[in-house]
Amino acid sequence: MNNLRNKGLIYAVDDESDIIDLLRHHLEKVGYSFEGFYDALSFLNTLRRKKPDLIILDLMLPDYDGIELCKELKRENDYKDIPIIVLTARSKIEEKILGLEIGADDYVTKPFSPRELVARVNAVLRRYKEKEEEKDVIKVNDILKVDIKKYEVYVNNKKVYLRPAEFKLLKLLVEKKGILFTRRQILEYISKGKKIVYERTVDVHVRNLRKKLGVAAKFIKNIKGLGYKFET
């Protein structure tokens with residue numbers, strides 16, 4: 001292995017040792033970790049113990065139909081989010097379409113350019129990373145943006161600084177839009193095991209939060225006598 005930063009773990013399933021060696025050389029060269037498998041059984045045994053960031057899958061395996069294997073992986077909750085690049089000698093357009101229809105993220109035919117294959121791996125992983133990042137960002141009517149992972153809030157593209165309790169409160173409401181939370185429920189969520197104090201403390205947090213959110217404060221609704229909810 002070289003000293004490049006590890007960019008992720010790639011599994012390749014192909015019964016041709018030359019292909020496995022070629023993939024290993026070019027993927028490790030650019031910083032990926034790599035494990036190759038010559039049959040589906042050894043691949044599945046390893047997959048159950050450790051999941052990769054991406055799978056390169058040949059459709060013509062000695063012990064398993066690659067199309068069925070791809071279908072099964074995309075049906076399993078534990079594996080459906082792992083991107084798959086199909087690598088095969090089957091080059092008919094109908095089979096390419098089938099590969100994509102069964103859930104593959106890309107389709108590369110043999111013989112192939114190693115540089116192109118590496119570029120496709122990079123592109124697929126980049127798309128998945130962007131999707132994951134989008135899950136962590138909640139946008140509301142082009143006014144409010146809450147980045148859950150970065151712990152950041154923006155109103156009209158201007159950063160708003162919230163205290164931890166205020167951020168937890170906003171996170172709870174914005175992630176469960178339309179759901180009414182009692183003061184007790186909110187307090188238990190933002191306290192997380194700490195001693196519960198007065199439920200009216202929630203009103204103080206909401207008041208401070210609304211003040212900081214400015215025009216976005218209108219999304220936090222007070223249902224008199226019941227609690228609060230987030231509505232657009």
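Side chains are part of it too, since the values below use all heavy atoms of this structure and drop only hydrogens, waters and symmetry mates.
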Does atom NZ of Lys139 have more than 12 heavy-atom neighbours from other groups under 6.0 Å away?
no
Flag if over 12 foreign heavy atoms under 6.0 Å of CG, Asn157
no
Heavy-atom side-chain proximity of Thr88 to Tyr107 below 4.5 angstrom
yes
Residues, nucleotides or ligands: over 12 heavy atoms within 6.0 Å of Asn45 CG:
yes
For Tyr11, which of Phe37, Tyr32, Phe34 qualifies under ring-ring contact (aromatic ring centres under 6.0 Å, His included)?
Phe37
Using 4.0 Å as the upper bound for N to carboxylate O, is an ion pair formed by Asp14 and Lys110?
yes
Among the clusters formed by ILVMFWY side chains lying less than 4.5 Å apart, do Val30 and Leu117 turn up in the same one?
yes
Same cluster or not: Tyr228 versus Leu226, using hydrophobic residues (I, L, V, M, F, W, Y) connected whenever any side-chain heavy atoms lie under 4.5 Å apart?
no
Do the side chains of Leu54 and Ile85 get nearer than 4.5 Å, heavy atoms only?
yes
So, taking the atom named CD1 in Ile56 and the one named CD1 in Ile20, what distance separates them when rounded to the nearest 0.5 Å?
8.5 Å
Asp63 side chain vs Leu41 backbone, donor-acceptor pair below 3.5 Å
yes
Minimal heavy-atom distance between Cys70 and Ala104, with the atoms involved, is SG-N, 4.0 Å
Is it the case that the side chain of Ser42 and the backbone of Asp39 share a donor-acceptor pair, with hydrogens and angles ignored and the cut-off at 3.5 Å?
yes
Closer than 3.5 angstrom, by distance alone: can the side chain of Asp58 be matched with the main-chain N or O of Leu61 as a donor-acceptor pair?
no
Could you check whether any side-chain N or O of Gln185 sits under 3.5 Å from a backbone N or O of Thr182, counting only pairs where one atom can act as donor and the other as acceptor?
yes
Identify the residue among Arg210, Lys224, Arg183 that makes a salt bridge (Lys or Arg N to Asp or Glu O under 4.0 Å) with Asp203.
Arg183
Which of Asp147, Ile148, Val146 passes side-chain contact (heavy atoms from CB on, under 4.5 Å) with Lys150? It is Asp147
Quick check: is Ile223 connected to Phe181 through a chain of hydrophobic side chains (ILVMFWY, heavy atoms under 4.5 Å apart)?
no
So do the side chains of Ile10 and Pro52 get within less than 4.5 Å of each other, counting heavy atoms only?
no
Does Ile19 form a side chain to side chain contact (heavy atoms under 4.5 Å, CB included) with Phe112? I'd like the steps, not just the answer.
CA-CA 10 Å; Ile19 296 293; Phe112 63 93; 3.8 Å; yes
Closer than 3.5 angstrom, by distance alone: can the side chain of Asp105 be matched with the main-chain N or O of Val124 as a donor-acceptor pair?
no
I'd like to know whether the aromatic ring centres of Phe230 and Phe219 sit less than 6.0 Å apart in this structure.
yes
For the hydrophobic clusters of this structure (ILVMFWY residues joined by side-chain heavy atoms under 4.5 Å, transitively), does one cluster hold both Val174 and Val215?
yes
Just checking, Lys145 and Tyr154: is the charged tip under 6.0 Å from the six-membered ring centre and within 45° of the axis?
yes
Result for side-chain contact (heavy atoms from CB on, under 4.5 Å) between Lys176 and one of Leu173, Ile179, Leu180 points to Ile179
Within-4.5 Å side-chain heavy-atom neighbours: Asn208 and Val206:
no
Would you check if the side chain of Lys168 reaches a backbone N or O of Arg163 as a donor-acceptor pair within less than 3.5 Å?
no
Would one find more than 12 heavy atoms of other residues, nucleotides or ligands at under 6.0 Å from atom CZ of Arg115?
no
Using only atom types and a distance under 3.5 Å, with no angle test, would you say the side chain of Lys74 pairs donor to acceptor with the backbone of Lys80?
yes
Does Asn141 use its side chain to pair, donor to acceptor, with the backbone of Ile143 at less than 3.5 Å?
no
Is the closest basic N to carboxylate O distance between Lys229 and Glu231 below 4.0 Å?
yes
